[in-house]
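Taking it in order: structure first as structure tokens, then the write-up.
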Amino acid sequence: MTHPAETASLAYPPAEASPDFPRIEEEVQAAWKRDRIFEESVSFRPATGDAGTNEFVFYDGPPFANGLPHYGHLVTGFVKDLVPRYHTMKGRRVERRFGWDCHGLPAELQSEKELGISGRQEILAYGMERFNEHCKVSVQRFTHEWEYYVTRQGRWVDFQNDYKTMDLSFMESVMWAFKRLWDKGLIYEGYRVVPYSWAVQSPLSNFETRLDNSYRERQDPALTVKFRLDPRDGDPGPIDILAWTTTPWTLPSNLALAVGPEIDYALVRKGDHHLLLAEAALGKYAKELEGYEPVASMKGTDLAGRTYQPVFPFFQGTENAHKVLAADFVATGDGVGIVHMAPGFGEDDLNVCVAHGIPVKVPVDVAGKFTAEVPPYEGINVIEANKQIIQDLKAAGVVLRHETIVHNYPHCWRTDTPLIYKAVNSWYVEVSRFKDRMAELNKQINWIPGHVKDGLFGNWLENARDWNISRNRFWGAPIPVWKSDDARYPRVDVYGSLEEIERDFGVRPADLHRPGIDALVRPNPDDPTGKSMMRRVEDVLDCWFESGSMPFAQLHYPFENKEQFEKNFPADFIVEYVAQTRGWFYTLMVLSTALFDSVPFKNVICHGVVLDEHKQKLSKRLRNYPDPQEVLNTYGADALRWYLVSSPLMAGGDLAMPKDARGIAQALRQGVLPLWNAYSFFTLYANIDGVKARQRDSWDQVGSLDRYILAKTRQVVEGVTARLDAFDLPGAYALVPGYYDALNNWYIRRSRQRFWRDADGAAQDKQDAYDTLFTCLVTLCKALAPMLPHVTERIYTALTGEKSVHLADWPDASALPADAKLVAEMDLVRDICAAAMSIREQKQLRTRLPLRTLTIVHPDAATLESYSQIIAGEVNVKAVTLSTDIALVGSRQLAVNAAVVGPKVGPAMKSVMAASKTGQWTDNGDGTVSLAGVTLGAGEFDIRVQTNQGLDAARFAGGKGVVVLDTTVDAELEKEGWARDFVRAVQSTRKDAGFHVTDRIRIGATVPAEVAAALEAHAETVKRETLAVDLKVNQGGLTGVATKVDLSGTEIELAIAKA
RNA sequence: GGGCGCGUAGCUCAGGGGUUAGAGCACUCGCCUGAUAAGCGAGAGGUCGGUGGUUCGAUUCCACCCGCGCCCA
């Protein structure tokens, strides 16, 4: 739009009228990189202040390194960027280190896939060292993709100074944490039944099984099996006791049966044969029990202690086994009220059996296959063995019923294979011992949304179980425990630093990974024979233990940065998706409570999950989401940030994102474009006028429009500040469109002429207009910088010539005028104009057609006097008349302010409301009214207008005021209307022809006679408005850019040419 | 079965003991313009999931029910 010749001397870099935001963003990002703006934004804020630390501490939740980022990461990333940018501008130092979660099953499984091997045995065959070496490389494969997305989304984070959980320093800190817990007696080793994945050959932690939706529907056999009780005196004959199970594969390991002590059991008989089951279950087995009759009834306690014959012989003769035991957990909901117990495969089973001195038998190997202890099934996967076991039992005649049930069953979150429950030797953190303390500390945390604190997270803490932190795997931090290999000389050594290892083993490991660490072996000092050795227990740590360790481990605490950590713990802020209440949020809480007796973070946002528009999970296979890269390249990162962060996600809800990205297009239109348009207007005219605007710091002399928009700016800054302080991010975004509207569609539109007015006599007013708009834009850019980091950067740097808006201080609202009265009045004026325009629309009177009078009736009409001109201009009337006399336009209606009056009068409210509706009230003339025996004073009622019929009127301010438009059109008004129509036609032709806004033109036109008369009457105005040096009407010979134009129903021919 | 969240316009969602329940999108109609058609405005569109209760008054609070989502048994 700008002539190239002018560019050199421009006051501001020209703003594209049709900006390509993705391109602008990339330019901005390139400048950030080139000028190291991020680094400077961190480093120029001091780390310490008057009151100790000046750091705003942010923890980056480490993502699994071996996966590609998706929308969920983008959401988290935007928040991880927005909040730190805000606090940086507020003057805090906000370090942001990227973290990589390198260890654990995801990494191992990826490597197995890449290497074409599967399971422990094959890994061992392949070689643990090579395997781990591969893992180490594999987990860094996607770092570049991550860096691309994170950078492209405009997220500032330090990749150079990142941390990896596989770094020696990180792992040493983790080792330290383990030792601290050990010293506090919070670590123990035990036999526990755990969810076990035979596919990955490892137990899972209890929260791993609950992360995301690991439960899915599964069909399983359910078997009702008969166990023959050993005969006892008084038995009416042979008795079979029933038991029900959905895991037939555990029957070979059956070691006991459990009954509920208070449950009623029925003995039923058919001929010589007796069955025993809960009375409550009789109905369910009606079919199988046909012909049986009840012969006796007894309590569970009566049965306890009886012995029976196992259905399989494998563990016959096991100490204390094969007895009926009483246990409280037995219920009659499912099955027969008698539970088959296999202590190797059930948590309750284990507890009860151990209590009764029954040893644990686990005839299943690490891969989920039966061992030689059960010869017929040896080598068969337990789930696959179900079939054969059922067949064998049927053949033995001990199956009463074989059915199939569909139930929710937990699956391995990595391989999607069903989990089994299995007793394994594991290492535990005794969370149950300090869970009350966690619940207490949790009260200090500000959760967003608030319900998570006592809901999802609070309940989770209340039911916290001991945490199984060992994994029988390879790629992870080693459990730093060495044990004697000879039980006769027991000894356990736990190490908490490289130095301690060096002291005992004589070497300081350069790498703590297996198998190198396993090679550290030394003679057991407690063994006088000198034969037994201290060997490391084989397990590695659950990688979640490392995620919970990141606050201190990323700093190599306590070996380095001791003071820095202690001064800056806990974090001020973290954010992740809501399921991390069971993951990272939880592990942070566990470790910080146990190690430091402190919360790990003060404020936390838990956002929801991005779904497709049918609320289905986003799936690469289904391609049910817009390609992120395409979105970034079409609409830009600012639009995407606006879309995602102002969504219900931030309230913990799900976001149903349409595949066509229309929400993102809308965010661009509503959130980004209006700001750009205001800026583009400013630079266009400032450059034409050669005006250099300056930041306003006084406003005593400026007009009401300027004061109004400055006061509005103050309000929006205050509002955004309050919401960002409260971590209410959508709330902050929500304030912006209303402000855009006031700026673009009121301030600029009503001030437009001031920007191109001739300088004579109005220079100050013009400068005021530029200064005001400049002040608004610069202030707004600062206040929106965290929310729209790119577009604000471009605009701010163009306007101010400074290096970066992100190096600026947060705008000071008090530097702008506070004028609530003016804002309220002007907003009322806008309301009045909207009402007046609605009359025009209704009467089909185009805005360009001037009208004589607008009458405004309102109790505070007097205060509107000074706005008459603004209203007249907006509504296009010659005169504005103000009145407080409602009788002019209608009658008075009483509107009781029920919220105030209700509580005051109580039950009398009913008659008060009735009286007000039927008009039975009296004005006492002193500002009070009476009705139904009650007198109402100021603030307790409003008077509203009931408009008379037949008027061209519209109500405003909730009915408190009325505007009446004189819709008579006389010849003079008609002519003026034609002239304005003509001006508009010329202007749009100019624009279509690509003329510059300052180009002088010549106009030729062929028009009907009545229009010609109008143009003649208003020739000077037309020429001035269109920058025409010449206007020839109906003189033929049209030259230049010619068009036919519809002029409010009359066709004319028009030609314009540059003068 | 339990916990948490949710049910408001065709869609996505705000709101909140008070008579006239809002926004954006979509729809219909219209409009300004020497910045912005990726613009501005108006209209239509709702027994606020259901049933009871508390209350002068319930969409809002309470109970129960129905439905959806997540988590857990």
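Note that this is a predicted model, so its numbers are computed, not measured. Heavy atoms only: backbone and side chains are in, while hydrogens, waters and symmetry mates are out. Chain A is the first sequence line, chain B the second, and so forth, proteins listed ahead of strands; every chain is numbered from 1.
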Once base and sugar-phosphate atoms are separated, protein heavy atoms under 4.0 Å mark nucleotides 23-30 of chain B, 5' to 3', with B, S and - as -SS---BS
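- Here the side chains of A:Val431 and A:Arg465 are not in contact, with every heavy-atom distance at 4.5 Å or above.
- Among residues two or more places apart in sequence or in another chain, the salt bridge (charged side-chain N to carboxylate O under 4.0 Å, His left out) test is passed with A:Lys910 by none.
- The salt bridge (charged side-chain N to carboxylate O under 4.0 Å, His left out) check on A:Arg749 picks up A:Glu874, with sequence neighbours excluded.
- Using atom C1' as the reference point in both B:U55 and B:G18, the two lie 12 Å apart (nearest Å).
- Between A:Arg846 and A:Glu841 there is no salt bridge, since no side-chain N of the basic residue sits under 4.0 Å from a carboxylate O of the acidic one.
- Within the 4.0 angstrom heavy-atom criterion, no nucleotide atom of any strand lies near A:Val578.
- Applying the ring-ring contact (aromatic ring centres under 6.0 Å, His included) test to every pair with at least one member in residues 644-678 of chain A, sequence neighbours left out, gives these pairs: A:Phe21-A:Trp676, A:Trp676-A:Tyr679.
- By the side chain to side chain donor-acceptor pair (under 3.5 Å) test, A:Gln670 is found to be paired with A:Gln666, residues two or more places apart in sequence or in another chain being considered.
- Atom-to-atom, CG of A:Asp689 to C1' of B:G34 comes out at 12 Å; the value is rounded to the nearest Å.
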Could you go over nucleotides 2-10 of chain B and give all protein N or O partners under 3.5 Å, atom names and distances?
{"residue": "B:G3", "atom": "O2'", "partner": "A:Asn459", "partner atom": "ND2", "Å": "2.4"}

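- Within residues 742-749 of chain A, the residues that have a heavy atom under 4.0 Å from RNA chain B are, in order of number, A:Asn744, A:Asn745, A:Ile748.
- For A:Arg848, a side-chain nitrogen or oxygen approaches OP1 or OP2 of B:U33 to under 4.0 Å.
- The pair A:Asp1030-A:Arg1000 does not count as a salt bridge, with every side-chain nitrogen at least 4.0 angstrom from each carboxylate oxygen.
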Just distance, no hydrogens or angles: give the donor-acceptor pairs under 3.5 Å from side chains in residues 447-454 of chain A, sequence neighbours left out.
{"residue": "A:Trp447", "atom": "NE1", "partner": "A:Asn442", "partner atom": "OD1", "Å": "2.8"}
{"residue": "A:Lys453", "atom": "NZ", "partner": "A:Lys443", "partner atom": "O", "Å": "3.0"}
{"residue": "A:Lys453", "atom": "NZ", "partner": "A:Ile445", "partner atom": "O", "Å": "2.9"}

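- When heavy atoms are screened at a 4.0 angstrom cut-off, A:Asn463 is found touching no nucleic acid atom at all.
- Taking a pair as Watson-Crick or G-U wobble with both distances under 3.5 Å, the runs of three or more consecutive pairs in RNA chain B are B:1-7 with B:66-72, B:10-13 with B:22-25, B:27-31 with B:39-43, B:49-53 with B:61-65.
- To the nearest angstrom, P of B:G34 lies 12 Å from CG of A:Asp992.
- Here B:C31 presents its P atom at 11 Å from CG of A:Leu845, a figure rounded to the nearest Å.
- The separation between A:Leu675 atom CG and B:A38 atom P is 19 Å, rounded to whole Å.
- A:Arg944 comes within 4.0 angstrom of a nucleotide base, judged by non-hydrogen atoms across all strands.
- Taking the salt bridge (charged side-chain N to carboxylate O under 4.0 Å, His left out) definition, one finds that A:Lys843 meets it with A:Asp952, sequence neighbours left out.
- Listed by chain and residue number, A:Asp923 satisfy the side chain to side chain donor-acceptor pair (under 3.5 Å) test with A:Arg892 (two or more places apart in sequence, or in another chain).
- Within the nucleic acid shown, A:Arg955 comes within 4.0 Å of at least one base atom, counting heavy atoms only.
- A search for side-chain contact (heavy atoms from CB on, under 4.5 Å) contacts involving A:Ala872 returns A:Val877, A:Val880, not counting sequence neighbours.
- In this structure, the nucleotide among B:U36, B:C31, B:G18 sitting nearest to the side chain of A:Thr847 is B:C31.
- Here the separation of B:A26 from B:A9, taken at their C1' atoms, is 11 Å to the nearest Å.
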